[in-house]
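Have a look at the structure below, then the notes.
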Amino acid sequence: MFSLKNYYKTILVDFKYTSCLNFFYESSAMKKGLIKIIEISLKKLGIDPIPPIEIYIPPEESFGDMATPVAMTLSKSIKKPPRKIAEELVNSLKDHSIFEKMDIADPGFINFTFTKDYLYSELKMLIREKSHFLLQNIGRDKRVQIEFVSANPTGPLHLGHGRGAAFGAALSNLLKAAGYKVEREYYINDAGKQVKLLGLSVFARYQQLLGIEYPSPEEGYRGSYIDDIANAIIKEVGKKYSECSFDTASDFFTDFSYKMMLDDIERDLKDFSITFDTYQSERELYKKGDVEKAIDDLKMHGFIYEKDGALWFRATDFGDDKDRVILKKDGEYTYFTSDIAYHRKKMRKGYDKLINIWGADHHGYIPRLKAAIQALGYPKDSLKVLLVQMVTLLRGGKPVQMSKRAGEFVTLREVIEEVGPDTTKFIFLTRRPDSHLEFDLEVAKVRSSENPVFYVQYANARINSIFSHAKEKGIVIEDFNGVDLSMLSLPEEHRLIKNLLLYPVIFESAVNALEPHRITFYLQELAGIFHPYYHNHRVVTDNVELSRARLALCEAIRIVLKDGLEILGLSVPERM
RNA sequence: GCGCCUGUAGCUCAGUUGGAUAGAGCAACUGCCUUCUAAGCAGUGGGUCAGGGGUUCGAAUCCCUUCAGGCGCGCCA
């Protein structure tokens, strides 16, 4: 009988692995193990240098479990036909007990099929050591800060912010699961013209609501939320500021307004299950002298000059299109200036990597910020800016009119209320962030009964239900160790096991590509194998041993589903 | 004019960073609830991967070019 212990021994003997546990838990055993085995065989065959070994899942299930094109890759450099290389490699791998078979396909693909015993042992590992199986220490405790949403507190969140929020949160969860130390931050633009304009817009509305004629600012903010703030102020201070000038009331109105807006935003995010670890205020950067220090720093390094009565930063020294003003001739700083200070502060906190998630409309801003980071003496790629493309909101195929000026737009809150938070998130997370997204309210709503998100969640709920049923029948499993997994002999069961064991492969690729949506697609696939299996075969039957084995399989599925759903920031309902 | 993103089935989107015969969901049509949940299952149809050229064993994927859509090119934020 195959035993895991023997397998470890095989590896120890063959490859002189001093720490086989690392080898197993570092990533997918199936993939990494295979890579290692091939590398060693190639070395034995006298091939040097050994190229990076590519392993992928074959296009047809019948081909095998995993495949490599390495023979083709090598063909040129060692001047041998790919088929010949493949044959030699397969030959040298023959002794390994984990392969049921190895096939060579034209022009030189090698297809590997694992033994069932190997699959069972890996499945057992998944169930027994789930934290090790799921937590792959790719990040090695590196500190990453992810800044996202950071919407100006001058209006409610819209759907575009929602996309950034869903993506940012999922990415944070993903990296955290991958062993990074992740901090999520929201940058509050509470200084500068925009919040002041908000204050003025509210001030005008305040006067109007008190029956005093006062012009709303030309380019000011409108919409019912402005009324809400103005009414809240009336409730708070009554007519205290009626008929006084904006100059004297400016601070109060501005502060009151943006703080109320910020509360709203926080509440919206909370209802979307998005949380942050830290908030950074722009005002605070000025107050604490961070902005001054940043400018001094740049001056010291000689990247600042004066022209036309303003101070300029030599962004062109680092590849930007033009130099940028950091102190205007009217004595005000630009938005960019505080942003330099902000990122300087971030860098000085000692993160290994900064990730900013921005709306794609800000892409033109990247070169100047990266220029600033380099001018401050940090490597260019210490900051990674991920762009999230725009969202077009439709209703029944027709664009919903969005006029910020007229205050007519659909807020994130309204969408969540109409469509539901999980469905909304799922729609965001089934797309690459850089693809333009069409969000049709009618489609999202109509589909909400048959939405893919429920398909995945339902699989988990179903499994819970199976376990309750098993309990009623008197089958309770305290320890899966004693379960005989070789009872799982159906092709569907082997498919499920293989799919589960591939989760770490998908996970790792999602981490490396910074693309949580790969998890979403994987979960749909897993659920798509489980549901038919459930339909065609009963888990709990009179055959107790078989029932126990199938329950173990269900347990493994539940572990992976839950892990994936949690990474995506979706709820995991126990029953539906 | 310059820069960034996108173009894949009727619709919305994936496509393992260059791999084998390009996939899923929705929509359409046909069946299945006396069973551990029908938010489920089984089946059918659907493609010039925007067009053209190139790179190589191999391209939806990389390079060039044309076309189409979106966004950006402030001493605004």
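Convention: sequence-line order gives letters A, B, ...; per-chain numbering from 1.
Within 6.0 Å of CG on A:D542 lie no more than 12 heavy atoms contributed by other residues, nucleotides or ligands.
The glycosidic torsion of B:U17 lies within 90° of 0, placing the base in the syn range. Shown here, B:C64 is classed anti by the O4'-C1'-N9-C4 or O4'-C1'-N1-C2 angle, which is more than 90° from 0.
The partner of B:U30, taking Watson-Crick or G-U wobble pairs whose two distances both stay under 3.5 Å, is B:A42. The base-pairing partner of B:U16, taking Watson-Crick or G-U wobble contacts with both distances under 3.5 Å, does not exist among the strands shown. Both distances falling under 3.5 Å, in either a Watson-Crick or a G-U wobble arrangement, place B:G3 opposite B:C71.
Of all nucleotides listed (B:U17, B:C75, B:A77), B:C75 comes nearest to the side chain of A:A310. With B:C36, B:A20, B:C71 as the choices, the nucleotide that has an atom nearest any side-chain atom of A:D361 turns out to be B:C71. The side chain of A:K329 has B:C75 as its nearest neighbour among B:C5, B:C75, B:A38. Listed candidates were B:A20, B:C36, B:C73. Nearest to the side chain of A:A105 is B:A20. Comparing atom distances between the A:E515 side chain and each of B:U21, B:G15, B:C36 picks out B:G15 as nearest. The side chain of A:H363 has B:G72 as its nearest neighbour among B:G72, B:A38, B:C41. Among the nucleotides B:C36, B:G19, B:U17, the one closest to any side-chain atom of A:R538 is B:C36. Considering only side-chain atoms of A:H517, the nucleotide from B:A14, B:G69, B:C75 that sits closest is B:A14. For A:P532, the side-chain atoms get nearest to B:A42 when compared with the rest of B:C57, B:A42, B:A77. Proximity note for A:E54 (side chain, C-beta onward) versus B:G74, B:G19, B:G40: the nearest is B:G19.
Of the residues near RNA chain B, A:E438 and A:W312, the one whose nearest nucleotide (by heavy atom distance) lies more toward the 5' end is A:E438. For the pair A:Q194 and A:Q389, nearest-nucleotide mapping onto RNA chain B gives the more 5' position to A:Q389.
Regarding A:K193, its NZ atom lies at a distance of 10 Å from the C1' atom of B:G74, rounded to whole Å. The CD1 atom of A:I357 sits 18 Å away from the P atom of B:C5 (whole-angstrom rounding). Taking atom NE2 on A:H469 and atom P on B:C36, their separation rounds to 5 Å, with Å as the unit. One can place CG of A:D323 at 15 Å from C1' of B:G74, the figure rounded to the nearest angstrom. The distance between atom CH2 of A:W358 and atom C1' of B:C5, rounded to the nearest whole Å, is 16 Å. One interatomic measurement links the two molecules: NE2 of A:H436 to C1' of B:A50, which rounds to 15 Å at whole-angstrom precision. Put simply, CG on A:D330 is 18 Å from P on B:G74, counting in whole angstrom units. Spacing between atom CG of A:L437 and atom P of B:G25 amounts to 20 Å, rounded to whole angstrom units.
At B:C41, one or more side-chain N or O atoms of A:Y455 fall inside 4.0 Å of OP1 or OP2 (strictly under the cut-off). Residue A:K76 places at least one side-chain N or O under 4.0 Å from the OP1 or OP2 atom of B:C57. A:H535 has no side-chain polar atom (N or O) that falls below the 4.0 Å cut-off from OP1 or OP2 of B:U35. The side chain of A:R432 contributes no N or O atom lying less than 4.0 Å from OP1 or OP2 of B:C5. Between A:S435 and B:A14 there is a side-chain N or O to OP1 or OP2 distance below 4.0 Å. Between A:K328 and B:C76 there is a side-chain polar atom (N or O) within less than 4.0 angstrom of OP1 or OP2.
Contacts of A:N189 with the nucleic acid, taken as non-hydrogen atoms under 4.0 Å apart, are absent. In this structure, A:A67 reaches the bases: a heavy-atom distance under 4.0 Å links it to at least one base atom across the strands shown. A:Y56 comes within 4.0 angstrom of a base, heavy atoms only. Among the heavy atoms of the strands, none lies under 4.0 Å from A:F467. Across all strands, A:D106 comes closer than 4.0 Å to no nucleic acid atom at all (heavy-atom distances). Among the protein residues, A:F336 comes within range of no part of the nucleic acid, since none of its heavy atoms lies under 4.0 Å from any strand. Base engagement by A:P69 is indicated by at least one non-hydrogen atom pair under 4.0 Å involving a base atom. As judged by a 4.0 angstrom heavy-atom cut-off over every strand, A:N460 is placed among residues making no nucleic acid contact.
Nucleotides B:U44 and B:C63 have their C1' atoms positioned 42 Å apart, rounded to a whole Å. Taking atom C1' on both B:U8 and B:C13, the two are 9 Å apart, rounded to the nearest angstrom. Taking the P atoms as reference points, B:A50 lies 15 Å from B:A22, given to the whole Å. Taking the P atom of each, B:U21 and B:G25 are spaced 23 Å apart, rounded to whole Å. B:A24 and B:G46 have their P atoms separated by 14 Å, given to the nearest Å. To the nearest whole angstrom, the two C1' atoms, one in B:C73 and one in B:U17, are 30 Å apart. The gap from the P atom of B:C49 to that of B:G7 amounts to 14 Å, rounded to the nearest Å. When the P atom is compared between B:U6 and B:U48, the two are found 23 Å apart, to the nearest whole Å.
Minimum heavy-atom separation, A:A105 to A:R83: C-NH1, 4.3 Å. The two residues A:V195 and A:N189 have their closest heavy-atom pair at CG1-O, 3.4 Å.
Look at A:D255 and A:R283 and you find a salt bridge, because one of the NZ, NE, NH1 or NH2 atoms lies within 4.0 Å of a carboxylate O, short of that distance. At a threshold of 4.0 Å, the pair A:D339-A:R368 does not count as salt-bridged, since none of the basic side-chain nitrogens sits closer than that to a carboxylate oxygen. Ion pairing between A:K322 and A:D320 fails under the 4.0 Å rule for side-chain N and carboxylate O.
Between A:L285 and A:Y187, some side-chain heavy-atom pair lies under the 4.5 Å cut-off.
A stacked arrangement is assigned to A:F109 and the six-membered base ring of B:A20, with a centre-to-centre distance below 5.5 Å and an interplanar angle below 30°.
Using modelled atom types, one finds no donor on one side chain facing an acceptor on the other under 3.5 Å when comparing A:Q194 with A:T154.
The cationic atom of A:R548 (NZ for Lys, CZ for Arg) does not lie both less than 6.0 Å from the six-membered ring centre of A:F480 and within 45° of the ring axis. Geometrically, A:K299 does not engage A:F303 in a cation-pi contact defined by less than 6.0 Å to the ring centre and at most 45° from the axis.
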